[in-house]
Amino acid sequence: MDRNQKIVLVAGGLITLGLFFIDRFFALIALVCWLTLLMSLHIMKETADFPLVTADLSEDARRVILTNTGTAVAKNIHLALVPLNIEFDLPSLGPDEESGFDLESMVSEAKAVVTYENAGGQRSQRSYPLTALGAGYDPTEPMFPIFGKR
């Protein structure tokens, strides 16, 4: 935690203590706000080194585009297209960077299996369905269907 964050947390704690002597209701409101700030800073610290590499097809279905939508550099990226038996390696991809891999022909349907490492050496693997007629990757799509299938 850096110096500015510590100053904000200490000031919030002192304000909460000061409000306790004025009115307990206001102190409880300040305590809830202070705990929310503390939890937000803790979550921010945990996600500081989190690369997230996604794969998608280009509009003409002749190129696979890898995008790092995370907050850290992804290293040793390996892409495998199943069942096309095509593999591609990329040394690194920074946050909000993208790179592509040209294919010999159009792809109608495949699955991209992406394996990568973060700066600490922790490996992650994700798979993405690739289809020329589909909508592609949607970052707002929930992990499990909430209202059933479309």
Side-chain angles (χ1 to χ4, degrees), residues 1-16 27-150:
M1 193 176 302
D2 69 343
R3 183 174 168 251
N4 292 337
Q5 292 174 350
K6 288 180 184 178
I7 290 172
V8 168
L9 288 177
V10 169
L14 292 175
I15 290 171
T16 302
L28 287 175
I29 292 173
L31 180 66
V32 168
C33 292
W34 184 76
L35 288 174
T36 304
L37 181 65
L38 181 68
M39 188 172 55
S40 298
L41 291 174
H42 181 69
I43 291 171
M44 244 175 38
K45 183 176 69 171
E46 285 183 354
T47 59
D49 185 25
F50 186 71
L52 178 61
V53 178
T54 61
D56 200 10
L57 276 178
S58 64
E59 289 294 321
D60 62 355
R62 290 183 184 266
R63 184 175 175 87
V64 178
I65 301 171
L66 295 175
T67 307
N68 184 359
T69 60
T71 59
V73 176
K75 296 182 179 184
N76 300 328
I77 303 166
H78 179 77
L79 170 70
L81 295 177
V82 179
L84 302 176
N85 198 21
I86 297 174
E87 296 186 15
F88 173 68
D89 289 321
L90 191 65
S92 69
L93 199 60
D96 297 326
E97 282 186 18
E98 69 178 36
S99 180
F101 176 67
D102 292 324
L103 302 170
E104 295 175 7
S105 62
M106 288 186 186
V107 174
S108 61
E109 192 170 24
K111 178 171 81 169
V113 179
V114 182
T115 307
Y116 55 92
E117 296 177 0
N118 64 0
Q122 182 180 4
R123 295 186 65 78
S124 297
Q125 180 176 350
R126 296 188 181 267
S127 63
Y128 299 97
L130 302 177
T131 177
L133 302 176
Y137 173 70
D138 183 13
T140 62
E141 181 180 354
M143 294 296 279
F144 54 90
I146 296 174
F147 300 109
K149 290 199 163 202
R150 296 188 246 182

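It should be emphasised that the depicted structure is a prediction, and the values quoted were computed from it without experimental measurement.
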In this structure, which one of L103, V64, L79 forms a side chain to side chain contact (heavy atoms under 4.5 Å, CB included) with I86? L103
Would you check if the side chain of N68 reaches a backbone N or O of G94 as a donor-acceptor pair within less than 3.5 Å? yes
Look only at the side chain of T67 and the backbone of T54, and say whether a donor-acceptor pair between them is shorter than 3.5 Å. no
Mind checking the CG-CZ spacing from N118 to R123? Nearest 0.5 Å is all I need. 10.5 Å
Within the supplied structure, the quantity of interest is the number of heavy atoms (other residues, nucleotides, ligands) at a distance under 6.0 Å from N85 CG; does it exceed 12? no
Specify the closest pair of heavy atoms between F50 and R126, including all atoms of both residues, with the distance to one decimal. CZ-NH2, 4.0 Å
Starting at CE of M106, measure out to CG of L57 and round the result to the nearest 0.5 Å. 11.0 Å
Nearest 0.5 angstrom please: Q122 CD to Y116 OH, how far? 9.5 Å
Hey, what do you get for OG1 (T16) to CD1 (I29), rounding to the nearest 0.5 Å? 11.0 Å
According to the side-chain hydrogen bond (donor to acceptor under 3.5 Å, both in side chains) rule, which pairs have a member within residues 88-106, sequence neighbours left out? R63-D102, H78-D89
CD of Q125: more than 12 outside heavy atoms within 6.0 angstrom? yes
The side-chain hydrogen bond (donor to acceptor under 3.5 Å, both in side chains) partners of S127 (sequence neighbours excluded) come to none
Can you tell me how far CG of L9 sits from CG of L14, rounded to the nearest 0.5 angstrom? 11.0 Å
One should read off an interatomic distance between E59 CD and I65 CD1, to the nearest 0.5 angstrom, of 8.5 Å
Those residues that, when tested against I15, pass side chain to side chain contact (heavy atoms under 4.5 Å, CB included) (two or more places apart): L19
Is there side-chain contact between I7 and R3, with at least one heavy-atom pair below 4.5 Å? yes
List the atom of Y128, the atom of L52, and the distance in Å for their closest heavy-atom pair. OH-CD1, 4.1 Å
Within the distance-only criterion (no hydrogens, no angle test), does the side chain of N4 pair as donor or acceptor with the backbone N or O of V8 below 3.5 angstrom? no
Are any non-hydrogen side-chain atoms of T71 and P51 less than 4.5 angstrom apart? no
